[in-house]
Trainee: 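Take a look at the following structure, please.
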Amino acid sequence: MAVDALDLEVPAGKTMVLVGPSGCGKTTTLRMINRLVEPTEGRVLLDGRDVRQSNPAQLRRGIGYVIQQTGLFPHRTVQDNIATVPLLDGWPRKKARARARDLLALVGLDPALAPRYPYQLSGGQQQRVGVARALAADPPVLLMDEPFSAVDPLIRASLQDELVRLQTELRKTVVLVTHDIEEAIKVGDLVALYRPDGRLAQVDAPQRLLGMPVDSYVSDFVGFDRGIRLLSFFRATGLNLRAEPIVGSDSTVAKALGAARDAGQPWILVTDSDGKPRGWLPAERLAPLADDTPLGTVPAEEFGHTFTVETDSLRAALDAALLSPAGQAIGVDSAGRVAGLLSYDQLRAAVQAAEATTKDAAGDAEQQPRSLRA
Amino acid sequence: MSWSWVSVNGSLIWQLTRQTAYLGVVPALIGLAISVPLGVTAARWRWFSPPALAAVNVIYAIPSLALFIALIPALGLSDTNVIVALTLFSLCIMVPNVIAGLRSVAEPVRQAATAMGYGQLRQLVGVELPLATPVIIGGLRVAVVSSISLASVGQLIGVSSLGYLFIDGLQRSFPTEIYVGLVLIIVLALACDLVLVGARRALTPWAAR
């Protein structure tokens, strides 16, 4: 008995990630949807219709399927692999191949790869072809069984980004199985976490899984650094950044020291003529220098990396603060110009405020009719 | 080595060579045609596989001459006799190869085909048999070479082939004939093998080399 008493509803157009330890039944759940596995009891409804009322082959052509080992047909070219379902559905070969080339571009591959055979592709490219093949007949539902587990971490991250990007464009109903909670949190609109016995522990949006685990099993599974990972769900746009002490490199030591004194800060950020960060200067290094020394001539500390206020999360801001010699994060605008500074204390306040909103949101959710039950 | 004998008997040698090629290639091709459905059956219904493999193994244990003689009451001293016997022998090579070829299809590929919405027959013809082709052709190469070689034994029941040169050469104590027969059988086998290797390359451009 791999799966027991499972009650799960996947909202249309969303990505539902099934995650759990091996043997918990997440893959079995996935395979029940396209009837690769038949449930001994219970029903699987697709658009309100029991999947067992459909002819299996017909049903499957309407459901995209991506697996870890890609399962590409070694004897077919890339374009014919992608065109598999359209060809099964009786499309003319020319039309099917044209569609295949469009899909190659959609998944970020060079259409020149179309006539190649799978063995001529890298693992990451093969996995992209697998995704393109699943999308070929434009099925409303996409099943993905550990789609990125077999590729190296760098490629995996880019494939995950690609999936998120594709989803904003295509809005398929995606069910993705993984054992990697990071992946679940990154790509899922909803995450269903399984217990080892095949029951569901929690079904929730990723930030709620991180912020409000229902029990110790969930919090252990999510990991000890869930607090930090939760930060990636909060935008940095609302932060109150400090404007001082920031001084241009054409300014002088006297002005820099004045700015530091006014702000009560031991570190001064020096910017270049474009307003981009140049480096940090400790006030104590400037004190012995002549007042009219131009700042541009004083060697500054590396500023590490910055965060972009409009697009980054609090996690990026915290990371920037951690790696800064001054213990402060530098927020920049989209052009890379300094927008302001952020200290640990300010970050802590922002995190507390953000966590409070999560709890409120969770409280609201209790009132709503719940579309998902575990 | 008497070269003059070779030039005088050129047309006889040519005719025997063609006959040997015929007796070698035809049984292997009929064997292929029979072994594919047998192999498909055995790969699909696993219980069928052990008895099928045991049966072909038993056949392979029969000496070729004994089989030719056993078929005489039914088929007489004819080409058909030798072709039927050699077909049975080629089944012994081909059936296990077809089964192995179908089993060599990777499970994820099979699963993906099912999940894409292939029906069983379409999946067999469109995915599994094409992917089994390299292994099946590998079996065919052995079957053809072994048929060519065994065809010469048919000479003992009067079905002519390059085997004639062995028996005649022995009876007349004339080694040239034996050498010529031996060399031609080897050349013929190599030529058929080469054709099959070419066929495999042409049919499976997708196989990584």
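Lettering follows sequence order; numbering is per chain, from 1.
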Trainee: Can you tell me which of A/V85, A/L88, A/N34 forms the most heavy-atom pairs within a distance under 4.5 Å of chain B?
Mentor: A/L88

Trainee: What part of A/I33 lies closer than 4.5 angstrom to a heavy atom of chain B: side chain, backbone, both or neither?
Mentor: neither

Trainee: Could you look at A/P56 and say if it's the side chain, the backbone, both or neither that has a heavy atom under 4.5 Å from chain B?
Mentor: neither

Trainee: Just verifying a value: how many Å separate B/L162 CG and B/I186 CD1, rounded to the nearest 0.5 Å?
Mentor: 11.5 Å

Trainee: Say you draw a straight line from CD of B/E128 to NE2 of A/H75; how long is it, rounded to the nearest 0.5 Å?
Mentor: 10.0 Å

Trainee: Of the listed residues (A/I67, A/L59, A/V66, A/T70), which shares the most heavy-atom pairs with chain B below a 4.5 Å separation?
Mentor: A/I67

Trainee: Does B/Q155 use its side chain to pair, donor to acceptor, with the backbone of B/S161 at less than 3.5 Å?
Mentor: yes

Trainee: With no hydrogens and no angle check, just 3.5 Å: does a side-chain donor-acceptor pair link A/Y194 and A/T29?
Mentor: yes

Trainee: With a 4.5 Å heavy-atom cut-off (strictly below), which parts of residues 78-109 of chain B touch chain A? List them by number.
Mentor: B/P108, B/V109

Trainee: Need one label for A/L72: side chain, backbone, both or neither, based on atoms under 4.5 Å from any heavy atom in chain B.
Mentor: backbone

Trainee: Give the member of B/G117, B/A113, B/A112 that has the highest number of heavy-atom pairs under 4.5 Å with chain A.
Mentor: B/G117

Trainee: Contact part of B/R110 toward chain A, heavy-atom cut-off under 4.5 Å: side chain, backbone, both or neither?
Mentor: neither

Trainee: Looking at A/Y65, is A/R133 sitting on its ring face, NZ or CZ under 6.0 Å from the six-membered ring centre and within 45 degrees of the normal?
Mentor: no

Trainee: More than 12 heavy atoms of other residues, nucleotides or ligands under 6.0 Å from CD of A/E38: is that the case?
Mentor: yes

Trainee: Measure the CG-CD distance between A/L163 and A/E183 for me, rounded to the nearest 0.5 Å.
Mentor: 8.5 Å

Trainee: Any side chain to side chain donor-acceptor pair (under 3.5 Å) involving residues 138-148 of chain A? Give me the pairs, sequence neighbours left out, ordered by first then second residue.
Mentor: A/T27-A/D145, A/D138-A/K172, A/E146-A/S149, A/E146-A/H179

Trainee: OH of A/Y117 to CZ of A/F73: how many Å apart, nearest 0.5 Å?
Mentor: 14.5 Å

Trainee: Do B/T114 and B/Q123 have side-chain N/O donor and acceptor atoms under 3.5 Å apart?
Mentor: yes

Trainee: Most heavy-atom pairs under 4.5 angstrom with chain B, which of A/R116, A/R31, A/Q68, A/Q58?
Mentor: A/R31

